[in-house]
Structure formats: structure tokens, C-alpha cells
**Q** 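Please read through the structure below; I'll follow up with questions.
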Amino acid sequence: MTMTSEDVIAILGPVDETLIADVVATGASQTELAEAFAWVNSDEALMSERRPLPTGRTALLIDLLVSDEEELE
């Protein structure tokens, strides 16, 4: 099921409309977005757990989230 703006905000918190639209356009699930958010915010911890690096839509979401963070800096 495709995410709504409200779903994105529930996971990421307040973000700009462009990022919300980009995330929804990926067709990713809430689970994929939550995983991408976890990787962006605690990649060292996840790597310590020996989790495989994300692929597919999760990797695309990570790129979107990291790009958005870099724009804010």
C-alpha cells in the first residue's frame, strides 16, 4: 500500500513538502521508510548488528533522506 503524507510525517517528523512528495513517489512502504530512517540515524549500530546494507527502495529512500539533510547544512 502506498504511503500518504501523514504516514511519512509519522515516521520522519516534520519535513518539507518536496521530501514528502519524493518519498511517496518511490512507492515504498512504511516499513521501508522506517528502515531507511533507522539507517540514516544509526548506521553504525545497524552495521554492528551485521545487518546487510539496504538495497532497492530502502536504498533510494536513504539517498533522499541524506540528500535532504545535506541541503539543511
**Q** So which atom in Val24 and which in Met3 form the shortest heavy-atom distance, rounded to 0.1 Å?
**A**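 Taking Val24 first and Met3 second, the nearest heavy atoms are CG1-O, 3.6 Å.
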**Q** Quick check for you: to the nearest 0.5 Å, what is the distance between Arg57 atom CZ and Leu64 atom CG?
**A**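 Those atoms lie 13.0 Å apart.
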**Q** For residues Pro54 and Ala59, report the shortest heavy-atom separation together with the two atoms involved.
**A**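 The answer is O-CB, 3.7 Å.
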**Q** What is the distance from atom CG of Leu61 to atom CZ of Phe37, rounded to the nearest 0.5 Å?
**A**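 Taking CG in Leu61 and CZ in Phe37, the distance rounds to 12.5 Å.
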**Q** Going by side-chain contact (heavy atoms from CB on, under 4.5 Å), name the residues that satisfy it together with Ser5, two or more places apart in sequence or in a different chain.
**A**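 For Ser5, the residues satisfying side-chain contact (heavy atoms from CB on, under 4.5 Å) (neighbours in sequence not counted) are Ile20.
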**Q** Does anything in residues 17-29 form a side chain to side chain donor-acceptor pair (under 3.5 Å)? List the pairs, not counting sequence neighbours.
**A**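 Non-adjacent pairs meeting side chain to side chain donor-acceptor pair (under 3.5 Å): Ser29-Glu32.
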**Q** Cut-off 3.5 Å, no hydrogens considered: what does the side-chain donor-acceptor table look like for residues 6-13, sequence neighbours left out?
**A**
from: Glu6; atom 1: OE1; to: Thr4; atom 2: OG1; distance (Å): 3.3
from: Asp7; atom 1: OD1; to: Gln30; atom 2: NE2; distance (Å): 2.9
from: Asp7; atom 1: OD2; to: Thr4; atom 2: N; distance (Å): 2.9
from: Asp7; atom 1: OD2; to: Thr4; atom 2: OG1; distance (Å): 3.2

**Q** Can you name the one residue among Leu60, Asn41, Val40 that meets side chain to side chain contact (heavy atoms under 4.5 Å, CB included) with Leu65?
**A**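 Per the side chain to side chain contact (heavy atoms under 4.5 Å, CB included) rule, the option paired with Leu65 is Val40, out of Leu60, Asn41, Val40.
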